[in-house]
Amino acid sequence: MSKLLIVPTLFCLSWLGFALIHTHKTITGTVTDSVTHQKLAGVKITVQGTATETKTDGQGNYSIQVAGNQSVLVFTYSGYAPKNIPINNLSRIDVRLVKGRRKPVVASNEKAYQPKDVAKRKNIVDKEISITTQEEIEAAEMYFTESNMAPPGVASPVMTQDYNIESYSTIHENIFHEALRNPLSTFSIDVDAASYSNIRRFVDLGQAPPKDAVRIEEMINYFEYDYPQPTGNVPFSITTEVSECPWNPKNRLVHIGLQGKNIPTQNLPPSNLVFLIDVSGSMQDANKLSLLKSAFGLLIEQLRPQDHVAIVVYAGAAGLVLPSTSGNQKEKIRNALNQLEAGGSTAGGQGIELAYKVAQEYFQKEGNNRIILATDGDFNVGASSDAEMERLIEQKRSTGIFLTVLGFGMGNYKDSKMEILADKGDGNYAYIDNLLEGKKIFVNEFGGTLFTIAKDVKIQIEFNPAQVKAYRLVGYENRTLKNEDFNNDKKDAGELGSGHNVTALYEIVPTGESSDNSSGTIDPLKYQKNVVDPKAYKAREMMTVKLRYKKPNETTSSLIETTLVDHKTPLSKTSDNFRFSAAVAEYAMLLRESEYKGNATYNQVITLATQAKGKDEEGYRIEFINMVKASEFLQAKR
């Protein structure tokens, strides 16, 4: 009898084992960073409630066996919020992880939200985007859940970083100056655009940016403007325009634009480049070294045979990874770049010293000599203080080697230090928050980023007190100069690259107009009188614009001069350049909660920018409009 029972029992167990084997399935996919879209290596994937686990490979790919469709995959990675995803009937699951740790989301009512609700909410914020496909709906859902903007019926998730020790230089906004007593305004041009992409990073994460991260001139100069190309031997043209001030219609707004000569890539001089790359432990995150490699890969593709690249790295110490190599050996350069790994402390001073030494060894007398520093700015070994780094760079500036500074990452980002390095190193500064920004810098603006056509470019405005009661330079707080610096050729100022343009705005209180924002009055002088020259009343000029610059290899400056007359042009009749730059400035003042923002509103910014969007072939302006809408939504949630 017992033998008869054994046979069917064995058969049942065999059948059960066969069934279990065949209910297992393989799930594959890729794990990426939600912001940078970089592939994450080493992400741990666990089947919930079991010991089954795996990790993503170097390309962010994974494969794991699960027992049926009821399983749940748990994705965990250091520095990122964990994510639980039910298998259901899926065989491929691609995952985007969010930086930081998210506290639980608590529903404010019993009704669960649906993706279509999220898509509807996203359209309210961003009418320029049409959400129709499932992929777009999922992207919309992520826009809210990963940017602290909860869908209807759900409380906002709270994002917290493992740490946040970012640093920004304090900005004290420019005030109004009385034209009669202070008729001159002098500043250095600024082609940096780091502030804009950094602010975009905050908005994308659903956070208000720190006020001191908002540098208005860098916001304005992130965008290209349609200024005429210069003629003759002058390296740039000057365009001026004046109309009513959008945020204070009683005042006037002056727009000044410089356009650098656009030199075709094939006509640019040969480049001697040194990639100076931070590979310290703080660069391990996907939006740092991994993104850096991808961005530099775009630059490598732009190199010509006459261009040369060396790679210097620094962590606990500095080292030469690749000696100066011709641009026609792209694979060799790319392999050296891709082999870099992060780890150790940050001896930034040593790295800079070595990079300048290598650049000097391969110096191109008639070419472009430039170091491209890529870092999060977290120097902590050797020369590391702002003052020490400033002195180090100033010592190297006279060598004729320019410095481009590229910022990456978040949490420990040192914006204040990198801005100083670029300023003192006769270079430019950008922040790369995603690969598209890398394309903008290294592909779309290749010449402007790497090839200087004019250095020590200074602007000095003389206001006519018969026309101007008071004036205020909008932004450029870190670029103002003493009036006597304008004619001093030893005084360092900003650089202009091939094809680059620079824009500056002044808010003007017309003579005879009262202003709530004026800087106050000065007591009458005892020993002299400030009076307006009678000739000034006859002149129609509002101001004289003077500009000094040096050619890259020269030490003596040249002077350009022009005047501006106010023709009372209505705002609606101004150029797209005028209205769009005004919209960006107004948005920046809202973010800064500026005391000079007047009647500024997000809606006015959106209307002004939309009307002045123009061709927008690369989509940067529509991206700006969408970002303003997101900021308005964030403001409404406070």
Side-chain angles (χ1 to χ4, degrees), residues 191 235 260 263-278 292 295-314 318-337 340 348 350-375 392-406 421-422 424-430 438 441-443 445-456 495-500 550-555:
V191 297
I263 303 174
T265 300
Q266 62 270 22
N267 297 336
L268 291 169
S271 284
N272 164 35
L273 303 177
V274 178
F275 294 172
L276 175 55
I277 299 175
D278 181 353
L292 182 157
F296 272 70
L298 298 175
L299 173 56
I300 291 169
E301 289 302 313
Q302 305 302 307
L303 297 176
R304 307 160 301 173
Q306 62 267 39
D307 300 326
H308 285 74
V309 170
I311 299 179
V312 172
V313 300
Y314 63 92
L320 179 65
V321 171
L322 179 74
S324 192
T325 302
S326 171
N328 61 7
Q329 299 186 57
K330 291 181 172 56
E331 195 63 28
K332 182 178 180 180
I333 300 171
R334 193 180 296 108
N335 287 340
L337 179 69
L340 301 181
Q350 291 182 27
I352 291 171
E353 290 275 11
L354 180 58
Y356 273 98
K357 181 176 181 292
V358 172
Q360 196 65 57
E361 288 176 358
Y362 297 93
F363 191 85
Q364 294 263 6
K365 188 174 181 181
E366 300 299 327
N368 170 52
N369 300 278
R370 184 175 297 270
I371 294 168
I372 303 177
L373 168 60
T375 177
L392 176 60
I393 294 298
E394 283 182 328
Q395 291 170 7
K396 305 296 184 182
R397 187 168 60 203
S398 60
T399 61
I401 298 168
F402 295 92
L403 176 67
T404 290
V405 179
L406 302 178
L421 294 182
K424 301 302 179 182
D426 279 352
N428 42 33
Y429 168 37
I441 294 166
F442 286 141
V443 179
E445 300 174 3
F446 177 69
T449 299
L450 300 183
F451 296 91
T452 298
I453 61 173
K455 67 179 182 179
D456 293 340
E495 285 64 49
L496 191 68
S498 168
H500 255 164
K550 299 173 191 169
K551 292 183 179 179
N553 298 321
E554 295 182 357
T555 57

Within the 4.5 Å heavy-atom criterion, are [X] and [Y] side-chain neighbours or not?
X: Leu340; Y: Ile277; answer: yes
X: Leu320; Y: Ile311; answer: no
X: Leu496; Y: Val191; answer: yes
X: Leu276; Y: Ile372; answer: no

Consider ring pair (Phe, Tyr, Trp, His ring centres under 6.0 Å). Of Tyr314, Phe442, Phe296, which one does Phe275 pass it with?
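Among Tyr314, Phe442, Phe296, the one that satisfies the ring pair (Phe, Tyr, Trp, His ring centres under 6.0 Å) with Phe275 is Phe296.
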
Other residues, nucleotides, ligands: >12 heavy atoms within 6.0 Å of Lys551 NZ
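Result for NZ/Lys551: open.
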
Among Leu303, Asp307, Ile371, find the residue that satisfies the side chain to side chain contact (heavy atoms under 4.5 Å, CB included) test when tested with Leu273.
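Only one option passes, and that is Leu303.
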
Check Leu373, Asn428, Leu421 against Thr404 for a side chain to side chain contact (heavy atoms under 4.5 Å, CB included) and give me the one that passes.
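When Leu373, Asn428, Leu421 are each tested with Thr404, the side chain to side chain contact (heavy atoms under 4.5 Å, CB included) holds only for Asn428.
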
Over all atoms of both residues, closest heavy-atom pair of [X] and [Y]:
X: Val358; Y: Ala310; result: CG1-CB, 3.7 Å
X: Ile263; Y: Ser498; result: N-OG, 3.0 Å
X: Gln360; Y: Ile401; result: OE1-CD1, 3.6 Å
X: Thr399; Y: Phe363; result: O-CE1, 3.4 Å
X: Ser326; Y: Ile333; result: O-CD1, 3.7 Å

Calculate, to the nearest 0.5 Å, the distance between atoms [atom1] and [atom2] belonging to [X] and [Y] respectively.
X: Ser324; Y: His308; atom1: OG; atom2: NE2; result: 5.5 Å
X: Lys330; Y: Thr325; atom1: NZ; atom2: OG1; result: 12.0 Å
X: Asn553; Y: Lys455; atom1: CG; atom2: NZ; result: 7.0 Å
X: Leu354; Y: Lys357; atom1: CG; atom2: NZ; result: 7.0 Å
X: Arg334; Y: Gln329; atom1: CZ; atom2: CD; result: 12.5 Å
X: Asn272; Y: Asn369; atom1: CG; atom2: CG; result: 4.5 Å

Do Arg304 and Ser271 have side-chain N/O donor and acceptor atoms under 3.5 Å apart?
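Result is no, nothing qualifies.
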
Judged by atom type as modelled, is there a donor-acceptor pair below 3.5 Å linking the side chain of Thr452 to the main-chain atoms of Glu495?
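A pair under 3.5 Å: no.
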
